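Below is one structure; the comments refer to it alone.
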Amino acid sequence: MEKTRDKKYWLMKSEPSDYSIDDLKRAKCEPWDGVRNYQARNFMRDEMRVGDGVLFYHSSTDPPGIAGIAKVCSKPYPDKTAFDKSDKHFDPKSKKDDPTWYLVDVCFVKKFKNFISLNELKADPRFEGMMVTKKGSRLSIQPVSKKHFDGI
DNA sequence: GCCAACGTTGGC
DNA sequence: GCCAACGTTGGC
């Protein structure tokens, strides 16, 4: 039996030209594929649980920031785009009997009427210490504290 | 488009 | 296992 635990909270980045909050709204749920960073994978594979809260972050936009809320809606399972030679995220190192890359499905919850820009996050003392506000914070999946999540 | 920050790779 | 070279991310 699975041990219960408190909800955790995450921030997941996407370039809206690749995949935006509107795409997720249309799709309702989508596998968060293409992650090829070990730390980010570890969060998905080892720490995420169904029902966890997700801040949907738009990167490489003007301005960058948080576009809305999603949630984790599957258990972790292997990222099959790593097995597909024609996929741009193909990774020959990942074997079907021992996959390197894992993902979870993410479901749309809501899109903010007011997009929260990175600048606003940085300017607001309530969000001090949030990973995404720090310089050089490239990690595409980041843990977020409940305090910060609720503040959003 | 630039470039700083960071992750990964591979020669040794 | 070190570290230089290279690739990628992402704010600006």
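Below, each value reflects all heavy atoms present in this structure, side chains not excepted, and no hydrogens, waters or symmetry copies. In what follows, chains carry the letters A, B, and so on, assigned in the order in which the sequence lines appear, proteins first and then strands, with residues in each chain numbered from 1. Owing to the predicted nature of the structure, the values given are computational and were not obtained by experimental measurement.
Rounded to a whole Å, the CG atom of A:N119 is 6 Å from the P atom of C:dC12. Rounded to whole angstrom, the span from the CG atom of A:D62 across to the C1' atom of B:dG1 amounts to 14 Å. Rounded to whole Å, atom C1' of C:dT8 lies 13 Å from atom CG of A:D18. Look at CG on A:L139: it is 18 Å from P on C:dT8, rounded to the nearest Å. Atom CE in A:M131 sits about 18 Å away from atom P in B:dA5, given to the nearest Å. Spacing between atom CD1 of A:I141 and atom C1' of C:dT9 amounts to 14 Å, rounded to whole angstrom units. To the nearest angstrom, C1' of B:dG10 lies 13 Å from NZ of A:K93. Summarising the geometry, the separation between OH on A:Y19 and C1' on C:dG10 is reported as 21 Å, rounded to the nearest angstrom.
Ranking C:dG10, B:dC6, B:dT9 by closeness to the A:R138 side chain, first place goes to B:dC6. When distances run from any side-chain atom of A:P64 to the nucleotides B:dG7, C:dG11, B:dT9, the shortest one goes to C:dG11.
Salt bridge annotation for A:D52-A:R5: present, with a cationic side-chain nitrogen under 4.0 angstrom from a carboxylate oxygen. A salt bridge does not link A:K95 with A:D97: every distance from a Lys NZ or Arg NE/NH1/NH2 to an Asp or Glu carboxylate oxygen is 4.0 Å or more. Electrostatic pairing of A:K75 and A:D105 does not count as a salt bridge here, judged by no charged N lying under 4.0 Å from a carboxylate O.
Looking at heavy-atom distances under 4.0 Å, A:K122 makes contact with sugar-phosphate atoms alone, never a base. At the heavy-atom level, A:Q39 lies under 4.0 Å from the strands shown only through sugar-phosphate atoms.
In summary, the side chains of A:S137 and A:Q142 do present a donor paired with an acceptor at a separation below 3.5 Å, with no hydrogens or angles considered.
Between A:Y19 and A:W32, the ring-plane angle classifies as perpendicular under the 30° and 60° cut-offs.
The phosphate of C:dG10 has OP1 or OP2 within less than 4.0 Å of a side-chain N or O from A:K13. Contact between the side-chain N/O atoms of A:K135 and the OP1/OP2 oxygens of B:dA4 is not found at any separation under 4.0 Å. Within the 4.0 Å cut-off from OP1 or OP2 of C:dG11, at least one side-chain nitrogen or oxygen of A:Y57 is found.
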